[in-house]
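Data first, discussion second: the structure below is written as structure tokens.
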Amino acid sequence: MSLARNIDLLRRLPRLDGLRFAEPGRGADGSSPLQEVSGFGDNPGALRMFAFVPAQLQRPRALVVVLHGCGQTAAAYDLGAGWSTLAQHYGFALLMPEQQRINNANTCFNWFNPEDTARDSGEPGSIRAMIAHMVKTHRIDPRRVFITGLSAGGGMTSVMLATYPEVFAAGAIIAGLPYGIASNLREALDGMFHSPARPSRELGDLVRSASDHRGPWPRVSVWHGSADRTVNPGNANEIVKQWLDLHGLPELPMAETNVDGYPRQAWWDKDGETLVESYAITDMAHGTPLGLADNDQRYGIEGAFLIEAGISSSYHIAKFFGLTGWIADAATTKAEAKSTTKPATKPGAKPALSAGTASRPLDPHRGRRGAGRAAGREGARLRPRPDHHARAHGRGIDEVASLSSRTSAPEARADPGPIAKGQSWARRGDSESP
């Protein structure tokens with residue numbers, strides 16, 4: 001099918017039978033403790049703001065911003081990926097912006113529209129205002145602000161890291177795309193389906209041109225399923241190249257390890273702190289990987305583009321952010337657990353805040369000892385010679401099939417790709433279009 005016909009099909013997606021879109025503002029089943037916040041400041045992107053602040057917060061206080069995918073709501077993605085449960089467990093504040101249909105018919109963040117990819121404009125401007133509100137209202141340490149997102153939310157995570165690099169200590173991009181590779185629908189589709197390779201310097205310059213910032217740059221964690229037919233897995237390698245260039249790191253990984261059965265590549269600075277890492281989730285389709293965490297807890301619920309893969313991406317991302325070393329005050333744990341059985345009903349209500357302690361570890365996968373069930377399965381291969389190029393992260397992946405061939409199968413359902421698509425039930429290794 002030609003690109004023009006693909007574009008026409010995308011425009012008609014909301015009218016096709018069988019697509020099911022989440023209703024904005026409605027949680028998956030009312031289980032999310034997120035509460036809507038109004039009056040947070042300038043809102044040029046016309047987004048909604050949802051937040052959750054546990055009664056106990058670690059110190060220094062931290063904030064995680066989480067961006068949902070197409071066809072999803074903040075509450076539904078929170079329930080599926082388990083971020084409010086992690087926030088409760090490890091004592092950090094949670095901010096989840098939500099797209100509205102007036103901006104995008106399928107509630108995708110507009111990661112490729114010029115007005116929504118520039119600093120102090122559109123959707124990035126709205127998200128920045130929400131962060132400023134959270135930092136001021138809940139006394140968040142401005143050095144401990146993090147961001148992550150799936151698909152279109154992953155694309156917008158790239159936008160936020162590029163346009164406001166001084167705001168974020170680190171970010172994690174799941175099934176997303178690099179910053180600046182598209183400024184219209186045609187370019188966005190080309191990036192999604194084909195992920196054309198670009199020189200590292202060119203990719204880095206796209207970020208440098210987004211602001212006056214010249215470093216230090218946020219640390220970045222990249223996640224992608226090798227069987228993703230919605231966003232070409234080659235995008236993971238392009239994101240890695242973009243941030244390696246910004247950090248002045250070689251393309252050859254400094255370590256290649258195995259975490260919960262999946263390959264992980266890592267690059268660190270002279271002090272041993274991981275600056276860039278990349279997970280390739282073998283045989284997984286488009287979505288967020290779920291599984292049992294190192295602490296034997298499960299965060300999230302399997303569902304549309306929330307895929308049981310045997311690895312908890314949300315937990316590992318929180319660990320990469322340096323948030324999992326905190327332990328709640330035992331004296332208030334029972335009372336806190338009891339108070340969270342029923343979500344508060346008043347939007348914008350401020351819970352009482354207390355504090356614990358936190359540490360920001362070096363690379364959590366280097367020399368890890370006794371760190372839970374995955375520790376015994378993880379092996380590392382250090383590569384001290386930086387004179388050879390690593391093979392592309394998305395290597396061996398066939399070019400993404402045309403949209404027409406994927407939608408023609410009677411059992412195939414539309415995916416929440418990062419432009420304008422609906423929901424479906426994806427599974428790890430699914431050979432059909434997700």
Side-chain angles (χ1 to χ4, degrees), residues 146 148 170-176 218-228 233-244 247 249-284 288-297 299 307-325 359-397 428-429:
F146 309 93
T148 183
I173 301 164
I174 306 172
R219 300 181 302 118
V220 173
S221 178
V222 181
W223 294 71
H224 216 116
S226 71
D228 191 333
N235 281 289
N237 188 56
E238 295 297 287
I239 296 169
V240 167
K241 285 164 54 181
Q242 187 166 64
W243 288 94
L244 289 179
H247 285 289
L249 294 170
E251 289 192 20
L252 179 71
M254 295 176 175
E256 291 182 313
T257 62
N258 188 284
V259 180
D260 290 349
Y262 297 105
R264 171 186 179 265
Q265 298 178 332
W267 294 258
W268 52 78
D269 62 14
K270 60 183 177 60
D271 297 321
E273 182 178 39
T274 300
L275 299 180
V276 179
E277 69 173 9
S278 179
Y279 285 83
I281 310 303
T282 314
D283 298 327
M284 193 188 81
T288 294
L290 304 178
L292 204 61
D294 288 356
N295 60 2
D296 293 326
Q297 298 294 318
Y299 300 100
I307 304 170
E308 176 55 50
I311 183 170
S312 175
S313 58
S314 299
Y315 172 82
H316 282 289
I317 289 168
K319 188 173 185 178
F320 179 75
F321 292 165
L323 300 174
T324 58
S359 61
R360 188 180 185 185
L362 300 183
D363 182 0
H365 298 287
R366 295 178 64 202
R368 193 174 76 183
R369 298 174 183 173
R373 65 187 186 90
R377 296 201 301 272
E378 181 182 311
R381 180 160 60 91
L382 300 184
R383 306 180 71 175
R385 296 177 58 194
D387 55 340
H388 298 289
H389 290 289
R391 289 184 297 172
H393 183 68
R395 58 193 181 276
I397 304 301
R428 179 169 169 256

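Scope of the values below: all heavy atoms of this structure, side chains included, with no hydrogens, waters or symmetry mates.
H247 and P218 make their closest contact through NE2-O, 2.8 Å (heavy atoms, listed as atom of the first residue, atom of the second, distance). The heavy-atom pair separating L290 from Y299 by the smallest distance is CD2-O, 4.0 Å. Nearest heavy-atom pair, P263 versus T282, reported as atom, atom and distance to 0.1 Å: CD-OG1, 3.8 Å. Of all the heavy atoms in D228 and P233, the pair that sits closest is O-CD, 3.5 Å. In this structure, E308 and G291 approach most closely via the heavy-atom pair OE2-CA, 3.7 Å. The shortest non-hydrogen separation linking R219 to T274 is CD-O, 3.0 Å.
Scanning for side chain to side chain donor-acceptor pair (under 3.5 Å) contacts around S313 gives an empty result, with sequence neighbours left out.
For the pair I317/I174, a side-chain contact is recorded, criterion being any heavy-atom separation below 4.5 Å from C-beta on. Side-chain contact between L275 and W267 is absent, with no heavy-atom pair separated by less than 4.5 Å. Side-chain contact between L292 and Y315 is absent, with no heavy-atom pair separated by less than 4.5 Å. Contact of the P289 side chain with the I307 side chain is not registered, since no non-hydrogen atoms from C-beta on lie closer than 4.5 Å.
Between Y262 and Y279, the ring center distance fails the sub-6.0 Å criterion.
Atom CD of Q265 is separated from atom CG of L252 by 9.0 Å, given to the nearest 0.5 angstrom. For the atom pair CG of L244 and CD1 of I239, the computed distance is 11.5 Å after rounding to the nearest 0.5 Å. Note that CG of D260 and CD1 of I311 are 4.5 Å apart. Values are rounded to the nearest 0.5 Å. One distance of note links NZ of K319 with CZ of F321; it measures 14.5 Å at 0.5 Å rounding. Separation of atoms OG (S226) and CD1 (I281) is listed at 8.5 Å; rounding is to 0.5 Å.
The aromatic rings of H316 and W223 sit tilted relative to each other, their planes meeting at an angle between 30° and 60°.
In this structure, a donor-acceptor pair under 3.5 Å is present between the side chains of E277 and S221.
Formation of a donor-acceptor pair under 3.5 Å by the S312 side chain with backbone atoms of A293 is not found in this model. The backbone N or O of E273 sits nowhere less than 3.5 Å from a side-chain atom of D271 that would complete a donor-acceptor pair.
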- Test side-chain contact (heavy atoms from CB on, under 4.5 Å) applied to M254 and L249, step by step: CA-CA 10 Å; M254 295 176 175; L249 294 170; 3.9 Å; yes
